[in-house]
Amino acid sequence: MLLSSASVVQASDKPLYQPVPDWVKLAPTPDTKNLTADSPATLIADAQVRLGDGMSWSYFEQATRANSVQALSQAGTISLSWQPAHGDLIIHGVDIIRDGERIDALKGKQFTVLRREQGLERMSMDGMLTATLAVEGLREGDILDVRASRTVKDPSLMGNSMGNAPLLAQPVKIGFSRARLLWPQKSAVQWRAYLTGADPVVGDANGWHELVFAQPFPRQPDIAPQAPGRYARPGFVEASTFADWPSVSKVAVTLYKTDGLIPAGSPLAVEVARIAAAEKDPRHRVAAALALVQGKVRYLFNGMNNGNYVPQKPTETWSLRYGDCKAKTLLLLAMLHELGIEAEPALANMEGGDMVSRRLPSFAAFNHIFVVATVSGEKLWLDGTGAGTQYEDLGDSLPFRWVLPLRAEGAQLVEMPSRAPARPEMEATLNVDQRGGLNIAAPADIRMTFRGGVAGQIKTLASGLDKQKLRELFGHVAPRGGEDRIVLTDSNVTFDDAAGTATVALSGIANPSWNYAQRRYSDQTENFSNLRLPDRSREAWKDVPVATGNPSHALLTYSVRLPGDGQGFEIEGPATLDAALPGGRVKTTTTLAGPLLTVRTERLTSGAEIAPADFPAERTRLAELRNKRMMVRTQPGYPGPWRGIEAARRAHLYDTVLQRYASLIAERPDDPERYAARAQFQSHILDRQQALADWNKAIAIQASAPYLFDRANVHLALGDRASAIADLKAARDLDPGNIGYLQRLGLVMARAGQGDAALAMIEPQVEEGGENLTGVLMAKAEVLAAAGKGDAALAAIDQAMEREPDNGRLLNERCWTAGTLNFGLETALANCNRAIEMGGQISAMALDSRAMVYFRQNDQARALTDLNAALDQRPESAESLFMRGVVLTRLGKASEAAADLRDARLLDPQVDATYARWGIKP
């Protein structure tokens, strides 16, 4: 790690107390008389920087209002940090401004100095000191005004200096704000500001050149989505005495001379000799040296003393077995030179590499250094702070975009090559066992192996997280939707230090989501629907390239064990695909071998930008890719998953899911959501008694309205209307505005012979009216219909239709009521036709309702056609299955009828009783 300032001259380890220097122009004192509640909290933000004689002097003043108790608490303690090896911290004044008067808060006081190595958890030891002052007597409404300076002079820069000051833009709310830079008129100093409209007032006086930026600047234009880093507008102005990039290169290279740094006979020399004896091939020598630096020297940033720019000696690094990027680079460089390998150091910026090309030439543009070796004419980009780089990886690029080679003759910036890593940085497998049925929760096991820097980050994270936190962390990067489709129940992380890998193993419960249409179930194996170029429709954006991210390489393998022996399944779309993506490629292979579906996807990203001239071709290519259908699907008429539930239970295919739910609950037995999740699974596999037991446990912890509603439905399936009514009443008490609860409660009460009580509950809400009146009138109609009062039910629906004449649900309700009660069938048919024509979600229900009308008209053929169409949309509808069984019975198709009736009774054990109310029996 490199920092922006350093000095080998030891300054004071205590703050100095001096007046504001003469070259500073003081900010105006805040006008306390005209402050209002809308006045900004920061009344002064003044930064002034002077360069000269190889030194930078940064003065700042900040005046803050303690306009609340919270602000008072935050402002009451001042903390100022500095690096005594780099320069001095100079305190000029700390004042409380109250009613226009200044009170000296430093009178008889001094700052307390603390040494805190706050970066140790980030492998950083910077030697920073912190001066703190608890301001006595500060009151709410006061203004705290702090004035101080930091000085920096670094002989490593060979007489050069650099500095920067913050620039602010609207909508920031601030009082007086200024950035001022000065340097001798005779000095050749460059400066650069990056905000749009950041134009200073320029002047010369008393031998000094001056830039003054009055702030805040206008609101900055929006940056195009996925714009390369060089299009950023960082909020600062910087100045530097370096003339150009070669000047920076020539100064920096003096710190990385390797002659004589590995003494003969030293322990480090022994290691170099060992590599030389074992490896004759230059490329293998490079790999061995890099492995030693990465694997046997841990990373620790050392900014103490002169450590900001000056690396520690290789022998010291090897002895200590730790070092930062500078130390590791010099160690690797010295070893490669001893091994006869051509190599040079290069400066980089780890986060803002593309922005470097716009930066002012100076050391401040960089925060990292690495080695560039040349073997047989090929450039090898070697980062000693990386992890687990193998021989096969030596040709990989690094994600720094623009770098500066360090050479005695100087060098210009070099753009790094854009290419995907040779080996996957992540290999992931997801195995799902769906033998228990489509759209039924299934065991899922994920294994992700990471290499390189990510593996090191995982090792650091894993040491401080428990298993639950690890699941939360890695669930977001797990393939196939992560936590949205997989409930993770266990995790384990292992490391292979020799290979530089971290392997994350996750187990959990997948919730498959197979789509049903055209009498088929289907699941996408690859989805390219989200592949689009970012917006470039604005005139200001049309010529902005698209950044595609850092080079990457990932390999994902998704395997599913399908129900049965895999009969009835097929692959739709290309079994293999090799397609170009913006900045990379995707390669996919899909196989179906018996019951095992395997999808192998390799994604490679080079990191190359997309030029504006290439936008049309890339958009066309992406549109073609989005249009590709890659899925596994069943043949038409494949049986619904409920048909195999009994056999799956006998074969213990749900045991693993239940064990994982049990493990999840044991981990947090006070979490009602975990019981609720298991209850829903138990309902899906038709074990309603166990579902009820879990709902009881969840509700004992948290009696929420949704939980009560779901338990009511289990009670109804088990034939316990009284308990269902109690739960629905409790749910409605908790959420009285939920019309769905009202409708369900009213209907269940009416079917339980409590129609009058249900109407008494509903009528006050009818009289109240309001935005929910339509739903309330539907509830009333259902209660009246359950009591056999068809005309009154239709009147309630008609009252609602006066408000919403094109409401498809009302049209369907009118048709259903007339059909079940067997009256007004011609009008009912017209209502159903209108509802079906509207399409959407209501069409399946309307088809079922129209089938009821045709059944009443003894038109069994048309009834069967509509029921088939309804079940194409809702194959799990017990009502439609039951009616189709009835119709098939009338048509003399006994075996087909028996299958439908059996399915209907599985899905709803009370379905016979429901239809018997209308005189309909198989």
Side-chain angles (χ1 to χ4, degrees), residues 224-226 420 424 428 430 432 434 438-439 478-482 484-485 510 512-538 541-542 544-549 552-560 562 566 568-593 597-638 839-841 843 872-873 875:
Q226 283 183 239
L430 168 60
V432 181
Q434 291 191 36
L438 307 181
N439 287 342
R480 299 287 293 185
D484 292 336
R485 292 180 61 179
S513 181
W514 289 69
N515 183 48
Y516 187 83
Q518 303 298 317
R519 301 179 62 225
R520 297 177 186 264
Y521 291 91
S522 63
D523 187 30
Q524 284 189 308
T525 58
E526 268 296 352
N527 184 3
F528 301 111
S529 62
N530 62 342
L531 289 178
R532 285 176 171 80
L533 288 186
D535 180 21
R536 288 295 184 269
S537 60
R538 296 190 193 181
W541 295 353
K542 64 184 181 63
V544 178
V546 171
T548 61
S552 63
H553 188 173
L555 179 61
L556 310 175
T557 303
Y558 170 53
S559 65
V560 182
L562 298 168
F569 290 88
E570 61 188 22
I571 296 171
E572 181 184 6
T576 61
L577 175 72
D578 186 349
L581 294 177
R585 299 196 70 80
V586 60
K587 302 176 183 180
T588 297
T589 303
T590 305
T591 59
L592 181 58
L597 170 73
T598 304
V599 183
R600 186 181 186 276
T601 302
E602 188 174 18
R603 289 180 181 260
L604 302 97
T605 302
S606 68
E609 294 177 0
I610 304 173
D614 296 329
F615 288 173
E618 290 292 340
R619 289 193 180 102
T620 299
R621 182 184 299 168
L622 290 177
E624 292 173 353
L625 191 56
R626 289 196 302 271
N627 194 47
K628 292 186 183 296
R629 294 170 59 87
M630 301 182 67
M631 62 178 61
V632 60
R633 67 181 187 180
T634 66
Q635 294 175 355
Y638 188 86
Q841 295 181 348
S843 63
D872 280 347
Q873 297 183 50

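Count residues from 1 along the sequence.
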Under the criterion side chain to side chain contact (heavy atoms under 4.5 Å, CB included), I'd like the reasoning laid out for Tyr516 against Thr634: C-alpha separation, chi angles, the key distance, then a yes or no. CA-CA 10 Å; Tyr516 187 83; Thr634 66; over 6 Å; no

Apply side chain to side chain contact (heavy atoms under 4.5 Å, CB included) to Thr525 and Thr588, showing your working. CA-CA 10 Å; Thr525 58; Thr588 297; 5.9 Å; no

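Val546 is listed as a side-chain neighbour of Phe615, based on a closest heavy-atom distance under 4.5 Å. Counting heavy atoms from C-beta on, the side chains of Val599 and Met630 never come closer than 4.5 Å. By the 4.5 Å heavy-atom criterion applied to side chains, Val560 and Asp523 are not counted as neighbours. With a 4.5 Å cut-off on side-chain heavy atoms, Asn439 and Tyr521 count as touching. Counting heavy atoms from C-beta outward, Arg633 and Tyr638 have side chains that stay 4.5 Å or more apart. For the pair Gln873 and Ser843, the minimum side-chain heavy-atom distance is below 4.5 Å. Side-chain atoms of Trp541 and Asp535, non-hydrogen and from C-beta on, do get closer than 4.5 Å to each other. Residues Tyr558 and Val432 form a side-chain contact, since some pair of their non-hydrogen atoms from C-beta on lies under 4.5 Å apart.
Atom-to-atom distance recorded for Gln226:CD and Ile610:CD1 is 8.0 Å, nearest 0.5 angstrom. Distance CE/Met631 to CH2/Trp514: 10.0 Å, rounded to 0.5 Å. Distance check: Leu577 CG to Thr601 OG1 gives 9.0 Å after rounding to the nearest 0.5 Å. In this structure, Leu604 CG and Leu581 CG are separated by 9.5 Å, a value rounded to the nearest 0.5 Å.
Thr548 places a side-chain N or O within 3.5 Å of a backbone atom of Ala608 that can act as its donor or acceptor partner. Proximity of a side-chain donor or acceptor of Arg519 to a complementary backbone N or O of Gln635 within less than 3.5 Å is not detected. Side chain of Arg520 to backbone of Asn515: no donor-acceptor contact under 3.5 angstrom is found. Remark: side-chain polar atoms of Thr605 are not paired, donor with acceptor, to backbone N or O of Gly583 under 3.5 angstrom.
Scanning both residues, Ala420 and Ser552, for their nearest heavy atoms gives CB-O, 3.7 Å. The two residues Pro616 and Pro612 have their closest heavy-atom pair at CD-O, 4.0 Å. Nearest heavy atom pair, residue Arg536 against residue Pro545, reads NH2-O, 3.0 Å. Of all heavy-atom pairs spanning Leu622 and Leu533, the tightest one is CD1-N, 3.8 Å.
Checked against Glu602 for a side chain to side chain donor-acceptor pair (under 3.5 Å), the options His553, Lys587, Arg585 give a single hit: His553.
For Gln841, the CD atom is loosely surrounded, since the number of other residues' heavy atoms within 6.0 Å does not exceed 12. Within a 6.0 Å radius of CZ in Arg626, other residues, nucleotides and ligands contribute more than 12 heavy atoms.
Using modelled atom types, one finds no donor on one side chain facing an acceptor on the other under 3.5 Å when comparing Glu572 with Ser522.
Residues Glu618 and Arg621 are paired through a salt bridge, judged by an N-O separation under 4.0 Å between the basic side chain and the carboxylate.
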